Amino acid sequence: MAAVNISGLHSHVGEIVTINGWVVTTRSSGKIAFLVVRDGTGYVQGVLSKKEVPESTWATFAALTQESSVSLTGTVRQEPRSPGGYELGVQAITLRGASPDYPITPKEHGTTFLFEHRHLWLRTRRQAAVARVRHEVVQSIRDFFYERGFVLVDTPILTGAIGEEAGNLFATDYFDLGKAYLAQTGQLYVEAAAAALGKVYCFGPTFRAEKSKTRRHLTEFWMVEPEVAFNDSDANMRLQEEFVSYVVSRTIERRRDDLKELERDTATLERVQPPFPRISYTDAVTRLCELGSDIQWGQDLGGDDETLLAQQYDRPVFVFNYPRQVKAFYMKENPADPRTVLNNDCLAPEGYGEIIGGSQREDDYDKLLARIQEQGLDPEVYRWYLDLRKYGTFVHSGFGLGVERTVAWICGIAHIREAIAFPRQIHRLYP
RNA sequence: UCCCGAGUAGCUCAGCUGGUAGAGCAGGUGACUGUUAAUCACCGGGUCGGGGGUUCGAGUCCCUCCUCGGGAGCCA
């Protein structure tokens with residue numbers, strides 16, 4: 001007899017089937033016993049009656065502990081008292097793997113303990129729900145770009161000293177060429193690919209050696225970075241609002257059960273539809289000062305400023321054209337106000353902060369070279385990047401969206417380390 | 001790097017102005033035929049983060065180091 005998945009039990013009512021899975025809980029009242037088993041597709045309750053099963057089966061049940069792996073054979077019946085709505089009248093139990101002293105109990109645990117046991121914690125309902133939401137977010141990202149004719153270009157993870165500050169790069173020895181660095185971004189490469197293919201994106205892990213200790217930072221995180229030839233900053237923001245709205249609406253539509261498990265109020269997510277409100281950096285500073293912030297023109301927005309500003313809107317908000325001195329060298333100077341650049345951040349509501357950073361790129365060879373030198377970067381390292389402005393320069397723009405921040409926001413979870421299966425943080429390299 | 005906070009049973013925590021270490025859960029044993037984190041009874045379980053100091057006496061007070069959590073900066 002072939003084993004069936006718990007999610008497919010509804011089509012086997014009245015039949016004898018076998019399911020394979022792990023024991024969640026056991027309960028016994030002397031002559032009747034219950035166990036809940038999960039198999040990754042769902043949860044089901046099994047029931048055993050002492051007088052209806054062989055003594056050996058009753059003994060096997062008695063020895064089961066949390067997270068033992070088992071095969072259960074029994075009759076499927078509809079039963080509202082069982083989680084999932086179906087129940088298995090158990091006739092036989094095979095113990096596949098014992099599980100003595102399972103560390104994660106049904107009671108509460110601290111976050112340090114849970115992350116130390118992340119490899120086991122993933123088995124719980126909430127963590128599995130987050131994993132499925134992430135899966136949907138990732139698939140919707142790929143589908144969005146696929147459906148719109150973008151070409152996926154995989155950018156290198158081992159790079160030369162490309163990026164921003166060298167202090168934020170993870171270094172590793174690279175044969176006779178000295179140091180290689182783990183990529184902080186694929187953007188510069190994707191700009192080269194845009195000149196070849198028009199609309200492109202890269203999607204992969206990125207690495208930042210920042211000693212950040214906040215709920216919004218990981219040292220390894222996933223980022224999707226589209227880049228579009230002949231898109232200006234305005235078209236870039238339109239692409240972003242369409243993109244974010246697509247990902248959010250598709251995820252809440254297809255992962256409703258998981259968001260319910262996470263007790264996420266989806267009302268705020270339903271409102272994520274274009275157009276998103278837009279406010280210039282300069283206007284944002286004025287507004288923030290009215291709201292009690294002590295930010296001054298020229299400073300970057302702090303975490304509290306972002307939250308305060310985002311609270312003024314019922315959906316994500318764009319803040320555009322920041323002062324050039326707080327932004328990266330590759331952003332295009334604003335012709336209308338050279339103190340600023342043609343960029344934008346996208347701030348998620350509910351205090352989740354910056355989920356996107358985007359910009360139109362500097363396409364003038366001389367200005368780009370000047371910026372590189374101004375920031376003390378080595379022009380020789382960026383020679384190939386400068387070539388893009390030397391041979392048929394073009395207006396282009398793009399952005400980067402952080403997957404974990406987006407997943408955390410959609411799930412309504414407090415810390416982005418729960419939005420990835422095995423988070424990497426300053427103090428965490430295990431498991 | 002800076003500012004807060006926390007380290008006591010396998011886990012989550014309590015432990016007062018210093019006086020020989022506690023609970024719940026988990027584990028073990030037993031009772032119970034429809035349980036939902038089942039319930040009830042009993043049992044085992046401790047280098048109180050490390051080191052030093054004050055004291056007749058330190059989980060508790062002082063010094064120091066370590067580890068972890070939250071926040072800032074930086075960013076997605």
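Note that this is a predicted model, so its numbers are computed, not measured. Here is the naming used below: chain letters follow the sequence lines, and residue numbers restart at 1 for every chain. Just so it is clear, the values below take in all heavy atoms, side chains as well, and ignore hydrogens, waters and symmetry mates.
- Among the heavy atoms of the strands, none lies under 4.0 Å from A/Arg428.
- Here A/Arg215 does not reach the OP1 or OP2 of B/G70: none of its side-chain N or O atoms lies under 4.0 Å away.
- If you check every strand for non-hydrogen atoms under 4.0 Å, A/Lys211 touches a base.
- Counting any heavy atom pair closer than 4.0 Å across all strands shown, A/Glu87 reaches a base atom.
- In this structure, a donor-acceptor pair under 3.5 Å is present between the side chains of A/Ser359 and A/Arg361.
- As rounded to whole Å, 11 Å separates atom P of B/C32 from atom CH2 of A/Trp58.
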Could you list the protein-to-nucleotides 6-14 of chain B atom pairs, N/O on both sides, closer than 3.5 Å?
unit_1: B/C11; atom_1: O2'; unit_2: A/Glu108; atom_2: O; d: 3.2
unit_1: B/C11; atom_1: O2'; unit_2: A/His109; atom_2: ND1; d: 2.5
unit_1: B/U12; atom_1: OP1; unit_2: A/Gly110; atom_2: N; d: 3.1
unit_1: B/U12; atom_1: O4'; unit_2: A/Glu108; atom_2: O; d: 3.4
unit_1: B/U12; atom_1: O2'; unit_2: A/Glu108; atom_2: OE2; d: 3.0

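- When the P atom of B/C2 is taken as reference, atom NZ of A/Lys213 falls 12 Å away, rounded to whole Å.
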Got a list of protein N/O to nucleotides 39-45 of chain B N/O distances below 3.5 Å?
none

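- Interface residues of residues 348-356 of chain A facing RNA chain B, ordered by number: A/Glu354, A/Ile355, A/Ile356; criterion, heavy-atom separation under 4.0 Å.
- Within the nucleic acid shown, A/Asp300 comes within 4.0 Å of sugar-phosphate atoms alone, with no base atom in reach, counting heavy atoms only.
- Judged by centroid separation below 5.5 Å and plane tilt below 30°, A/Phe34 does not stack onto the base of B/G34.
- When heavy atoms are screened at a 4.0 angstrom cut-off, A/His117 is found touching no nucleic acid atom at all.
- Checking the phosphate oxygens (OP1, OP2) of B/C75, no side-chain nitrogen or oxygen of A/His217 falls inside 4.0 Å.
- Counting non-hydrogen atoms under 4.0 angstrom, A/Gln45 reaches a base of the nucleic acid.
- Distances shown here put every side-chain N or O of A/Arg27 at or beyond 4.0 Å from the OP1 or OP2 atom of B/U33.
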